Amino acid sequence: MRFATWNVNSVKARLPRLLDWLTTTAPDVVCLQETKVAQDGFPGEVAELGYEVAAYGQGRWNGVAILSKAGLGDVRHGFDGEPGFPEAEARAVSAICGGIRFMSVYVPNGRTPEDPHYTYKLQWLAALRTALVPDLAAGPVVVAGDYNVAPTDADVWDPAVFAGSTHVTPPERAALAELRALGLSDVPARPLKGDHPFTYWDYRAGMFHQNKGMRIDLVYASSDIAGRVTDALVDREARKGKGPSDHAPIVVDIKD
DNA sequence: ATGACCCCTCTAAGGGGA
């Protein structure tokens with residue numbers, strides 16, 4: 001099975017590129033984030049490529065989806081105990097595809113460490129941890145998406161630039177460590193260029209072509225899945241050219 | 001050349017992203 005995760009930064013703005021990428025990459029399951037579309041407005045062209053679609057969206061902000069050619073069962077919007085800001089936001093969708101519980105997550109940004117959004121981010125990650133306990137007891141799990149946390153200093157292009165910012169603070173990193181303590185492994189993805197598997201590069205100031213990026217999109221997998229990985233890469237080709245997302249996809253192959 | 005912000009919509013003296 002081949003699965004992937006990609007923050008597309010608007011599925012409507014990215015549709016031609018998404019359709020081309022799905023055709024050439026041919027993943028069986030895709031977790032999308034920042035679709036920025038209400039679920040009844042999700043583009044039908046994706047289903048025309050043969051994917052079943054579980055979309056959870058609210059319009060202008062956020063929005064997540066799972067695309068699958070491996071079945072799409074027990075779809076859930078959000079998770080038990082998920083906090084809002086203050087209302088519920090479309091940041092998680094999960095489904096069983098090919099016997100694996102896939103969850104596509106778009107973790108809150110946090111804005112600044114002093115902002116109420118940062119508290120929300122930590123509460124959201126803590127609630128996610130609690131909600132995953134029964135899922136992990138039930139079978140194999142993949143939680144993939146935009147975590148908006150760089151797990152280590154090696155995961156940002158210059159740690160000094162991020163001092164005092166969100167995405168690198170000890171509480172955020174501790175929240176990810178709590179997820180890993182459940183038995184989830186951070187699936188390492190190889191960069192196709194350079195030493196760091198960055199997945200995000202700011203649109204501004206030529207950050208991509210200088211490879212000044214961040215590794216904030218992650219694939220967390222239960223041990224049975226992690227042990228079946230045959231390859232994982234950051235598809236930086238999808239970040240090139242005209243009209244890209246500011247995030248690149250991660251593509252993972254596992255043995256059947 | 002990968003090439004120097006971009007998405008959305010209350011179309012901005014805007015909000016949000018990270």
Side-chain angles (χ1 to χ4, degrees), chain A residues 5-18 20-21 24 32-39 41-43 55 57-65 84-87 89-91 105-122 124-125 145-169 171-173 175-176 191-218 233-249:
Chain A
T5 181
W6 193 8
N7 179 326
V8 289
N9 188 14
S10 171
V11 73
K12 286 192 283 190
R14 215 65 57 217
L15 189 60
R17 293 185 66 122
L18 174 63
D20 286 348
W21 181 84
T24 56
L32 298 179
Q33 301 86 38
E34 284 207 82
T35 54
K36 297 186 177 180
V37 68
Q39 53 226 37
F42 196 91
Q58 58 188 101
R60 182 178 189 181
W61 306 119
N62 312 311
V64 285
F85 191 70
E87 303 303 320
E89 298 185 314
R91 295 184 176 276
V105 295
Y106 175 49
V107 176
N109 174 292
R111 298 177 188 162
T112 70
E114 299 75 29
D115 196 290
H117 209 259
Y118 177 80
T119 305
Y120 167 50
K121 180 179 195 174
L122 295 178
W124 196 94
L125 285 166
D146 180 355
Y147 281 72
N148 270 321
V149 179
T152 74
D153 279 352
D155 296 318
V156 295
W157 60 275
D158 182 356
V161 170
F162 293 89
S165 299
T166 59
H167 296 63
V168 300
T169 67
E172 291 166 276
R173 289 174 170 172
L176 295 200
L192 295 184
K193 181 181 178 182
D195 298 328
H196 299 281
F198 296 143
T199 64
Y200 163 86
W201 302 260
D202 196 296
Y203 283 121
R204 291 168 287 192
M207 298 292 269
F208 176 66
H209 61 85
Q210 298 173 73
N211 200 26
K212 293 180 175 178
M214 305 172 75
R215 185 174 83 98
I216 52 174
D217 300 87
L218 306 171
L233 58 85
V234 180
D235 183 7
R236 69 191 308 283
E237 296 299 312
R239 181 63 177 79
K240 296 180 179 179
K242 180 176 173 58
S245 171
D246 43 4
H247 295 251

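Chain letters run A, B, ... following the sequence lines, proteins first, then strands; residues in each count from 1. These numbers come from a predicted model, not from an experiment. We use all heavy atoms of the structure for the numbers below, so side chains are in, but hydrogens, waters and symmetry mates are not.
With B/dG17, B/dC8, B/dA18 as the choices, the nucleotide that has an atom nearest any side-chain atom of A/Arg111 turns out to be B/dG17. Candidate nucleotides B/dA18, B/dC8, B/dG17 were compared by shortest atom distance to the side chain of A/Lys12, and B/dC8 ranks first. Taking every side-chain heavy atom of A/His247 into account, B/dA18 is the closest of B/dC7, B/dA18, B/dC5. Of the candidate nucleotides B/dG3, B/dC5, B/dC7, B/dC7 has the atom lying nearest to any side-chain atom of A/Lys36. For A/Tyr200, counting side-chain heavy atoms from C-beta on, the closest listed nucleotide (B/dC5, B/dA18, B/dC7) is B/dA18.
Across the interface with DNA chain B, nearest-nucleotide mapping of A/Ile216 and A/Arg14 shows A/Arg14 to be the residue nearer the 5′ end. For A/Ser10 and A/His117, each mapped to the nucleotide of DNA chain B holding its nearest heavy atom, the one lying further toward the 5' end belongs to A/Ser10.
As a whole-Å value, the separation of A/Phe162 CZ from B/dA18 C1' is 7 Å.
Distances shown here put every side-chain N or O of A/Asn9 at or beyond 4.0 Å from the OP1 or OP2 atom of B/dC6.
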Between A/Asp235 and A/Trp21, is a side-chain hydrogen bond (donor to acceptor under 3.5 Å, both in side chains) present by the stated rule, with each step listed? CA-CA 10 Å; A/Asp235 183 7; A/Trp21 181 84; 2.8 Å; yes
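Within 6.0 Å of CG on A/Asp195 lie no more than 12 heavy atoms contributed by other residues, nucleotides or ligands.
Salt bridge absent: A/Arg91 and A/Asp146 never bring a charged side-chain N and a carboxylate O closer than 4.0 Å.
Applying a 4.0 Å cut-off to non-hydrogen atoms, the residues of residues 57-64 of chain A that approach DNA chain B are A/Arg60, A/Trp61, listed by residue number.
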